[in-house]
Amino acid sequence: MDFKQIIAEDLSTQLSEHLTINEIYNLLEKPKNTEHGDLAFPAFQLAKVFRKNPAEIASDIADDFSSDIVDKVDVVGPYLNFYLNKGTISAEVLKEIITEKGDYGNTDFGAGKNIPIDMSSPNIAKPMSMGHLRSTVIGNALANILEKMGFQPIKINYLGDWGTQFGRLITAYKLWGEEEKVRANPIAELNELYVRFHEELEKEPELEEVGRSWFKKLENGDKEATELWRWFREESLNEFNIVYDRLGVSFDSTNGESFYNDKMDEVVELLEEKGLLVEDQGAQVVRLEDYDLQPALIKKQDGATLYITRDLAAALYRKRTYDFDQSLYVVGQDQIYHFTQLKAVLAEMGYEWEADIHHIIFGLISIDGQKMSTRRGKVVLLEDVLDEAAVRAEKQINEKNPNLENKDEVAEQVGVGAVVFHDLQHDRRNDFNFNLDEIVQFEGETGPYVQYTRARALSILKKANIDASYFESEKEFALTDDYSWTVIKLIQSFSSTLERAYREYEPSVIAKHALRLAQAFNRFYANVRVLDENPERESRLALVYAVALMLEEDLRLLGVQAPDEM
RNA sequence: GUACCUGUAGCUCAGCAGGAUAGAGCAUUCGCCUUCUAAGCGAACGGCCGGGGGUUCGAAUCCCUCCAGGUACGCCA
């Protein structure tokens, strides 16, 4: 239920001559301070029309105000402060979430429309870094959010599985590689070969030419080159999948860069047909002066295509294949220029749907103030971070709850949860400097804090010896104390939170909801006895159950697992 | 040089579709386990909201400008 809407309607009976319900709705605000009630209406704006001072207006409105869900209206200066009827609302909210469970907050807003999400996109033969974590978990969380909003998300892992670097890699493998070593430890070994290539290149610049020729062979379908490439790809993907499993992420498509290899001629032809392709310094470009942008380089002097050519092909392919409502690209903020150009070229081509393409930018991670780079070896491997997190979680369990049965499993859920939650709890645009101790934190505003809170809630239900069916009666659960009320209001606010997360493509909004709810519940937990014999026992149990459901759903949306005990 | 992003407590960040005394977490100090998991709760300490100007009844929030940091700007992706 949307009590803001109800109050806006109730106010409208007095104000309809001056303000629409929508305007009233937008003026209503949640007071920062709980002493100012549950909802407030500032009367400043009415001062002009009524030609009275706002305080008087507020007082006049209050005199004639009545609403079924409002207990009391306070006038404080120019503000009307509404105090809602806690009993009615808590009963309604609890009933709703307990009935709907994981479906609580679902909408059909998206009407099943497709939204491909370009995400993760690691490079074959290179390890996944913390940078890939960001794209992966943000993309995954957005997919969950979109699905809950009624859309059909399509998670696409746009693998970096093509390009001149594979010529270099094949060269390195032919010179220094050993099959057994690669089989034993594919990505580490291949990456080492790649790094070595760049080291040797300093001494032997002609290696560059060898690399180029191997890539040429690969492009021409040379048997040896193709087999090596396919092998590298397969081994890499197998290793990636281990990480994806740990993160609980799966994909609907792994069409990477190589997939579009034979689809780029069409793009070039289309651009030619439309007269957009011009020669400039031997290269083929699309001019974008009208957009205040540098020309987009479609073909190099040597005729080879480029990043943007491939992305154009991918954009066209996705539009045709999915007829998307929106197309999202979860890619770092360092590629803003690229996507601006991409959209501009599509606009030039006359595709109005370029407006539906959204670059979901995220901030970059640096190490010691330096940008991460595989080439310079300045990179933090995702797997190492997950491992370390799980180890620390296990240590924590041994201290706090040594008798826990499935320690390993829980340590993995808590450790990985900490890493994922840490990534998702801040505005995705924020850059951050890598700091393991900060990421693998178990106290305060963290993933484990939310998980722990839910485990405590479940523990109460377990002690009460009840299960979900206990709540399926026609009983009415109502609570009026302040601790419960704060919890109820947070559960009630989930819909608008979800809506905002969708509108801003911002998973952190959900993470904050989880944290605030966990906080509110822990206060409730510390101050309100549930299991003692008391007249509100049933309602309190219902609240505990509702919190467990809500936290689980918040965490699920973020892609974080929720252990029942920890 | 141009464009974009960022600048809020010692640190990490909320708040920014303008509103009532600027909020969390971490760190520091102190308190709370014979009662539902102390990975918890409470208290204290901590702020020219980068500087300056403007719009407004009202600005951390909007506009301008300056300063500082980051990123990107044609043959990598």
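Computation of the quantities below employed the complete heavy-atom set of this structure, encompassing side-chain atoms and omitting hydrogens, waters and symmetry-equivalent molecules. The chains referred to below are lettered A, B, ... by the order of the sequence lines, with proteins before strands, and numbering in each begins at 1.
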Assess the side chains of A/E23 and A/N26: does a donor N or O sit below 3.5 Å from an acceptor N or O? no
Listed nucleotide nearest any side-chain atom of A/M566, set B/G74, B/A39, B/A77: B/A39
Side chain to side chain contact (heavy atoms under 4.5 Å, CB included), paired with A/I298, selected from A/I308, A/V285, A/T305, A/L276: A/I308
Answer with yes or no whether the side chains of A/D161 and A/S258 bring together a donor and an acceptor at under 3.5 Å. yes
Can you tell me how far C1' of B/G74 sits from CD of A/E289, to the nearest Å? 13 Å
Return the orientation label for the A/F339 and A/H359 ring planes: parallel under 30°, perpendicular over 60°, tilted otherwise. tilted
RNA chain B nearest-nucleotide lookup for A/T305 and A/A518: closer to the 5′ end is A/A518
Identify which nucleotide among B/A72, B/C13, B/C41 has an atom closest to any side-chain atom of A/Y449, counting heavy atoms from C-beta outward. B/C41
With syn defined as a glycosidic angle within 90° of 0 and anti as everything else, classify B/C73. anti
Using only heavy-atom distances, decide whether a donor-acceptor pair under 3.5 angstrom links the side-chain of A/N81 to the base of B/A20. yes
A/K32 has an atom NZ; how far is it from atom C1' of B/C49, in whole Å? 12 Å
Going 5' to 3' along nucleotides 26-34 of chain B, which nucleotides have protein heavy atoms under 4.0 Å from the base (write B), which only from the sugar-phosphate (write S), and which from neither (write -)? S--------
Could you tell me how far apart A/L342 (CG) and B/A77 (C1') are, to the nearest whole angstrom? 13 Å
Return the nearest nucleotide to the side chain of A/L306; candidates are B/G25, B/C76, B/G15. B/C76
Presence of donor-acceptor pair under 3.5 Å, side chain of A/N33 and base of B/U21: yes
Centroid distance under 5.5 Å and plane angle under 30°, A/H338 vs B/A77: no
A/Q294-A/Y337 side chain donor-acceptor pair, cut-off 3.5 Å: no
When you measure from the side chain of A/K512, which nucleotide among B/C75, B/G15, B/C36 comes out closest? B/G15
Decide whether A/N81 and A/H36 meet the rule of one side-chain donor and one side-chain acceptor closer than 3.5 Å. no
Expressed as a whole number of angstroms, how long is the span from A/E279:CD to B/G74:P? 19 Å
Nearest listed nucleotide, side chain of A/D334, among B/A38, B/U71, B/G74: B/U71
Using whole Å, what does the distance between atom C1' of nucleotide B/G70 and atom CG of A/N430 come to? 12 Å
Report the distance from atom CD1 of A/I336 to atom C1' of B/C4, rounded to the nearest whole Å. 6 Å
Using a heavy-atom cut-off of 4.0 Å across all strands, would you classify A/Q335 as base, sugar-phosphate, or nothing? base
Charged N-O contact under 4.0 Å between A/K395 and A/E399: no
In this structure, how many angstroms lie between the C1' atom of B/C5 and the CG atom of A/D431, rounded? 8 Å
Would you say A/N401 and A/K407 are linked by a side-chain donor-acceptor pair, where the criterion is simply a distance under 3.5 Å? no
Does atom NZ (A/K216) have a neighbourhood of more than 12 heavy atoms from anything else shown, all under 6.0 Å? no
Considering only side-chain heavy atoms of A/R500, which listed nucleotide, B/C36, B/U37, B/C16, is closest? B/C16
Which one, B/G15, B/C75, B/C41, comes nearest to the side chain of A/Q301? B/C75
A/V528 or A/N522, whichever maps to the more 5' nucleotide of RNA chain B: A/V528
Checking contacts here: which listed nucleotide (B/U12, B/C16, B/A39) is nearest the side-chain heavy atoms of A/Y452? B/A39
Side chain of A/V76, heavy atoms from C-beta onward: which of B/C75, B/A20, B/A14 has the nearest atom to it? B/A20
Does atom CZ (A/R51) have a neighbourhood of more than 12 heavy atoms from anything else shown, all under 6.0 Å? no
After noting the C-alpha distance and the side-chain angles of A/Q335 and A/Y307, does the key distance pass the side chain to side chain donor-acceptor pair (under 3.5 Å) rule? CA-CA 11 Å; A/Q335 287 184 39; A/Y307 184 35; 2.3 Å; yes
Taking only the side-chain nitrogens and oxygens of A/R212, find out if one of them lies under 4.0 Å from OP1 or OP2 of B/C75. no
Contact residues, residues 390-418 of chain A to RNA chain B [heavy atom, < 4.0 Å]: A/Q396, A/I397, A/K400, A/V414
Examine the side chains of A/N522 and A/Y483 and answer whether a donor and an acceptor come within less than 3.5 Å of each other. no
Of the nucleotides B/G40, B/C41, B/A20, which one has an atom closest to the side chain of A/A40? B/A20
Stem ranges for RNA chain B, with three or more consecutive Watson-Crick or G-U pairs under 3.5 Å? B:1-7 with B:67-73, B:10-13 with B:23-26, B:28-32 with B:40-44, B:50-54 with B:62-66
Do A/H358 and A/Y505 have ring centres separated by under 6.0 Å? yes
To the nearest Å, give me how far apart CZ (A/F442) and C1' (B/G40) are. 16 Å
Within the 3.5 Å criterion, strictly below it, is a donor on A/D311 or A/H338 matched to an acceptor on the partner's side chain? yes
